[in-house]
Amino acid sequence: MNKYIERVLAETKAKNANEPEFLQTVEEVLTSLEPVINAHPEYEKAALLERMVEPERVIEFRVTWEDDNHEWHVNRGYRVQYNSALGPYKGGLRFDPSVNLSIVKFLGFEQVYKDALTCLPIGGAKGGSDFDPHGRSDSEVMRFCQAFITELYRHIGQDIDCPAGDLGVGGREIGYMYGQYRRIVGAAEFGALSGKAVATGGSLLRPEATGFGAVYYLVEALKHDGESIEGKHIALSGYGNVSWGIMKKAAELGAKVTYFSGPDGYIHDPDGVITEEKLNFILEMRQKDSMHCAPYAEKFGCEFIPNTKCWGVKDVDIYMPSATQNDVDIEWAKKIAESGVKYYFEVANMPTTNEALEFLKAQKHMVIAPSKAVNAGGVSVSELEMAQNAERLYWSEEEVDKKLKGIMKNIYDSSVEVAERYGLGYDLVAGANIAGFQKVADAMMAQGIW
Ligand code: 2IT
């Protein structure tokens with residue numbers, strides 16, 4: 001391996017020994033940069049990689065809020081403002097008990113290269129809290145969001161940092177945070193948060209954008225193999241916002257999601273989640289209970305397999321892990337490889353362990369696509385929301401959709417082109433890492449020491 005990469009990896013490991021998820025993503029990205037680092041010896045003198053792995057700013061804060069029984073609670077809030085060389089920091093907020101500094105730093109690091117890949121002028125950040133929204137009333141969620149943003153507001157702004165949603169943070173939470181932000185700053189500074197409801201400055205199509213974008217990317221990859229999406233069967237994990245968008249767009253284009261899952265097990269619906277009734281049921285089910293997908297099987301008379309994952313099923317064409325990080329480890333990866341299914345498209349952020357990803361990439365019969373490219377439609381439409389806010393107007397759904405399609409095609413094309421250029425062949429994973437990296441590197445080199 002390139003000596004410079006080796007040294008930075010070793011230093012990063014020594015400095016951040018207690019952050020396994022963060023080290024996982026740094027290792028995955030840096031090792032795939034070998035050809036570009038070899039071609040640019042000037043990067044080492046500029047300490048470029050050392051600067052890239054170190055976040056520009058890490059903010060940690062206390063969030064105190066009162067529950068419906070007047071009991072007070074304390075959670076920890078985070079915002080890791082990773083890299084702003086390309087524009088204002090941009091990236092989601094995650095509310096989940098699993099949130100800690102390692103998780104936020106891994107998400108932030110990934111976000112930098114994902115945001116760069118979109119070719120839109122945005123830097124990368126991520127944040128959130130270990131707050132558990134499950135079972136909390138609407139008033140409790142509102143009070144938490146208000147307390148959270150009362151601390152975070154001083155660090156964000158339409159030209160500074162624009163947070164959005166992630167796991168546990170949807171339109172409702174963004175609405176409460178934007179309301180409180182507006183109250184504090186006393187200005188309709190819409191672009192300080194994205195993923196807002198359309199009524200309060202949001203963009204049409206933002207809720208669907210990540211899932212739709214993933215399918216648009218998939219369409220491009222299928223085209224490369226002379227294939228069409230029509231008639232294809234998809235197995236995915238999760239039934240959240242992103243999975244739902246994939247189900248909807250796949251159905252519109254004549255494909256179907258026949259497997260999906262929740263933390264309680266997976267559903268097999270051979271007819272596919274293609275009707276409006278099924279899509280609406282999934283929305284309702286998630287709103288009521290994001291931990292159990294079993295009610296879908298009862299309602300539509302299909303199979304529910306408890307306490308396991310659908311990886312390894314043979315009667316599909318495409319796997320799309322769309323739930324959360326490290327969903328697919330080496331054992332699941334072996335089952336996936338044995339199934340003979342050709343396409344493995346990551347959708348959730350870092351859904352595959354590094355060992356599993358290496359293993360899958362080595363399978364000659366498979367095409368692997370990385371989440372930072374496949375799921376970039378979400379942040380892209382978030383940026384389009386900022387652009388609409390800056391111009392004080394709304395674009396039509398058709399206009400947003402057209403832009404989203406163009407962005408996804410460009411992400412796919414540039415990943416293919418750059419991997420070819422560096423002699424890596426058809427490598428969508430390395431292509432995305434290098435294309436994103438190159439954008440950030442160029443901006444940092446141009447801006448001098450910082
Ligand atoms: O992982 C992601 O790209 C997001 N959570 C969305 C970020 C955004 O700014 O919309």
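Just so you know, ligand 1 is whichever comes first in the structure, and atom 1 is the first atom listed for that ligand. Counting begins at 1 with the first residue of the sequence.
Given atom 9 (O) of ligand 1, the protein heavy atom at minimum distance is K90 NZ, 2.8 Å. The protein atom (non-hydrogen) at minimum distance from atom 4 (C) of ligand 1 is K126 NZ, 3.6 Å. Taking atom 2 (C) of ligand 1 as the reference point, the nearest protein heavy-atom neighbour is K114 NZ, 3.2 Å. Here the heavy atom of the protein found nearest to atom 10 (O) of ligand 1 is S382 OG, 2.5 Å. Regarding atom 6 (C) of ligand 1, its nearest protein heavy-atom neighbour is R206 NH2, 3.6 Å. Closest protein heavy atom to atom 7 (C) of ligand 1: G92 N, 3.6 Å.
Here L107 has no heavy atoms under 4.0 Å from ligand 1, in either its backbone or its side chain.
A salt bridge links E27 and K13; the closest N-O separation between the charged side-chain nitrogens and carboxylate oxygens is under 4.0 Å.
Each of the atoms 1 (O), 2 (C), 3 (O), 7 (C) of ligand 1 lies under 4.0 Å from some heavy atom of Q111. Set against the non-hydrogen atoms of G165, the atoms of ligand 1 under 4.0 Å away are 4 (C), 5 (N), 6 (C). For ligand 1, the atoms closer than 4.0 angstrom to any heavy atom of G91 are 7 (C), 9 (O). Below 4.0 Å from some heavy atom of A164 lie the following atoms of ligand 1, by number and element: 8 (C), 9 (O), 10 (O).
In this structure, S237 contributes its side chain and S322 its backbone to a donor-acceptor pair below 3.5 Å. No side-chain donor-acceptor contact under 3.5 Å links Y178 to the backbone of A197. A distance-only check finds a donor-acceptor pair linking the side chain of D264 to the backbone of C293 [under 3.5 Å].
Side-chain polar atoms of D161 and H155 form no donor-acceptor pair below 3.5 angstrom.
The six-membered or imidazole ring of F131 lies away from that of F148, with a centre-to-centre distance of 6.0 Å or more.
Note that K372 lies outside the cation-pi zone of Y113, set by a 6.0 Å cut-off to the ring centre and a 45° limit from the axis.
Ring geometry for F437 against Y43 counts as perpendicular: the plane angle is over 60°, on a 0 to 90° scale with 30° as the lower cut.
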